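Everything on this sheet refers to the single structure shown next.
Only a predicted model underlies this, so the values are computations on that prediction, with no experimental measurement involved.
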Amino acid sequence: MASGQQERAQAAAITSGRRSSEAEAEVATASPVERVRALFGGHRLSPAQRRIAQFLTDHLTEAAFLSITELAERVGVSQPSVTRFASSLGFSGYPALREALQPIALSAVAGAPGEGEERHRNELQSAIDAEIENLTSLRRSLAAPGRIVDIGRELARSVPLTVVGLRISVSLAEYFAYAARRIHPDVRVVTRGGSVAYDGLLQAREAGGTWVLAFAMPRHAKETLAVVRAARGVGLRVALVTDLALGPLADEADEVFTAGTGSRLVFDSYAAPGVLSAGILQAMADADPERTQARLEKYEHAAEQHDFFLDD
């Protein structure tokens, strides 16, 4: 009997589909909290800066009128951290940020539309809402999945296939490599930088590999950029999964696939990159269906023979 994984491989082949004709509804009036979040949107904040942003969001009507000393004490950070936070948002300093926040705070006091709903939304719900937005954006970007199909074909042909993920990106790389080994004959993982990474890349190229799939989630490490450059230097092509379409890492890659990360909590979450990774795996499975089926059947036989799994 075919496993659920085999059935999905057979039934979930990626097709071009058609672009949705449904128009997206636009919010006519943003709530005060949404206006505050718009000030933070598009900026990569450090964990300390996220604490400041969350405090300003949760305590808007009070926080917008605090001095820099009072805000720093309430959040538990230094005054320079508050100044750097304001500067990272494009303001000349904290006074300019506070000046931008005060009209929004006053509108909240006056009962702006949507305020009641925002007050009842906790931090975890807000983080999930942000991830839903990331997934919606990813869905729009994949309306025409031709690039995913093409890169899946290239990665499937690369034997060996090298998967790179350093620091926080290790988990995504290991997930991808674990799954890819079910359908690909030789998958190698690089999770350390420096000479160790270079050795692995060089050996993969000498063994006939042609592609590297690299994951680079924020904060983007210099050593990741060095590994991508090393891969290109030994003759490997690089497909990059990251959160930014522009920047040094994207400039060095042959193909770039972007998926937003959740940044509402102290540590990032990766719903959209995870779905994108699964999509690339599906494209690899579609690229060589006979090999995919044979390898999945072989794995299921081994799993049954050695009793890998519980009978749920």
- Message: Under the criterion side chain to side chain contact (heavy atoms under 4.5 Å, CB included), I'd like the reasoning laid out for Leu71 against Arg98: C-alpha separation, chi angles, the key distance, then a yes or no.
- Response: CA-CA 11 Å; Leu71 179 61; Arg98 185 173 60 181; over 6 Å; no

- Task: Would you check if Glu223 and Arg167 make a side-chain contact, meaning some heavy-atom pair closer than 4.5 Å?
- Result: yes

- Message: Are Leu161 and Phe257 linked, directly or through intermediate hydrophobic residues, by side-chain heavy-atom contacts shorter than 4.5 Å (ILVMFWY only)?
- Response: yes

- Residue Arg51 excluded, over 12 heavy atoms near CZ under 6.0 Å: yes

- Evaluate whether atom CD of Gln305 has more than 12 neighbouring non-hydrogen atoms of other residues, nucleotides or ligands under 6.0 angstrom away. yes

- For the residue pair Arg37 and Thr57, establish whether any side-chain heavy-atom pair is separated by less than 4.5 Å. yes

- Exam field: side chain Glu131 to backbone Ala271, donor-acceptor pair closer than 3.5 Å: yes

- Would you check if His59 and Leu66 make a side-chain contact, meaning some heavy-atom pair closer than 4.5 Å? no

- Mark yes or no for whether Gln79, through its side chain, and Thr69, through its backbone, hold a donor-acceptor pair below 3.5 Å. no

- Find out if a path of hydrophobic residues (ILVMFWY) with successive side-chain heavy-atom gaps under 4.5 Å connects Phe215 to Val256. no

- Task: Could you pull out the closest heavy-atom pair between Ala173 and Val163, with the gap in Å?
- Result: O-CG1, 3.7 Å

- Side-chain donor-acceptor pair present, Ser46, Arg84, cut-off under 3.5 Å: no

- Query: Around Ile168, counting heavy atoms of other residues, nucleotides and ligands shown, do more than 12 lie under 6.0 Å from its CD1?
  - Reply: no

- Message: Taking Val212's backbone N and O only, do any of them form a donor-acceptor pair with Thr162's side chain (distance below 3.5 Å, no angle check)?
- Response: no

- Query: Got more than 12 heavy atoms from elsewhere within 6.0 Å of CZ, Phe55?
  - Reply: yes

- Note on the structure: When every non-hydrogen atom of Leu240 is compared with those of Ala253, the smallest separation belongs to CB-CB, 3.7 Å

- Note on the structure: Closest non-hydrogen contact found for Tyr175 with Ala278 is OH-CB, 3.7 Å

- Task: Return yes when atom CD of Glu99 has more than 12 non-hydrogen atoms of other residues, nucleotides or ligands closer than 6.0 Å, and no otherwise.
- Result: no

- Query: Salt bridge check: are Arg295 and Asp288 linked by an N-O gap of less than 4.0 Å?
  - Reply: no

- Message: Nearest 0.5 Å, please: how far is CZ in Arg232 from CZ in Arg237?
- Response: 8.0 Å

- Does CD in Glu304 sit with more than 12 non-hydrogen atoms of other residues, nucleotides or ligands closer than 6.0 Å? no

- Item | Considering all heavy atoms, the nearest Gly193-Val227 contact | CA-CG2, 4.2 Å

- Begin with the C-alpha distance, continue with both residues' side-chain angles, and end with the deciding distance and a verdict on side chain to side chain contact (heavy atoms under 4.5 Å, CB included) for Thr191 and Glu174. CA-CA 9 Å; Thr191 57; Glu174 290 187 336; 4.3 Å; yes

- Measure across Pro32 and Leu60 and return the closest heavy-atom pair with its distance rounded to 0.1 Å. CB-CD2, 4.0 Å

- If you measure from OG1 on Thr136 to CZ on Arg140, what distance do you get to the nearest 0.5 Å? 6.5 Å

- Message: To the nearest 0.5 Å, what is the distance between OG on Ser158 and CE on Met284?
- Response: 8.5 Å

- For the pair Arg157 and Glu154, find out whether any cationic side-chain nitrogen is under 4.0 Å from an anionic carboxylate oxygen. yes

- Query: Do Phe40 and Phe85 have ring centroids that are under 6.0 Å from one another?
  - Reply: yes

- Do Val234 and Glu206 have side chains that get closer than 4.5 Å, going by heavy atoms? no

- Query: Does Arg74 use its side chain to pair, donor to acceptor, with the backbone of Ala63 at less than 3.5 Å?
  - Reply: no

- Nearest-0.5 Å distance, CG of residue Leu106 to OG1 of residue Thr61: 9.5 Å

- Task: Could you tell me whether Asp150 and Arg147 have a side-chain N and a carboxylate O separated by less than 4.0 Å?
- Result: no

- Item | Shared hydrophobic cluster, Leu155 / Val275 (ILVMFWY, side-chain heavy atoms < 4.5 Å) | yes

- Item | Phe91 to Ala100 - nearest heavy-atom pair and separation | CE2-CB, 3.8 Å

- Greater than 12 external heavy atoms within 6.0 Å of Phe309's CZ: yes

- Query: What distance separates Asn134 CG from Ser263 OG, expressed to the nearest 0.5 Å?
  - Reply: 8.0 Å

- Message: If we ignore hydrogens and angles and just use 3.5 Å, is the side chain of Asp243 paired with the main-chain N or O of Met217 as donor and acceptor?
- Response: no

- Query: Using 30° and 60° as the class limits, which term best fits the ring planes of His306 and Phe308: parallel, tilted or perpendicular?
  - Reply: parallel

- Passes side chain to side chain contact (heavy atoms under 4.5 Å, CB included), Leu101 versus Leu39? Steps please. CA-CA 9 Å; Leu101 290 171; Leu39 296 176; 3.7 Å; yes

- Query: Side-chain donor-acceptor pair under 3.5 Å between Gln282 and Asp286, yes or no?
  - Reply: yes

- Same apolar cluster: Tyr270 and Leu281, side chain cutoff 4.5 Å: yes

- Go through Thr224 and Glu252 one step at a time and tell me if the side chain to side chain contact (heavy atoms under 4.5 Å, CB included) criterion holds. CA-CA 11 Å; Thr224 302; Glu252 293 291 337; over 6 Å; no

- Find the distance between OG1 (Thr83) and CD1 (Ile68) and round it off to the nearest 0.5 Å. 3.5 Å

- Query: Out of curiosity, does Val241 fall in the hydrophobic cluster containing Ile148 (side-chain heavy atoms, cut-off under 4.5 Å, transitive links)?
  - Reply: yes

- Side-chain donor/acceptor of Arg50 to backbone N/O of Arg264, under 3.5 Å: no

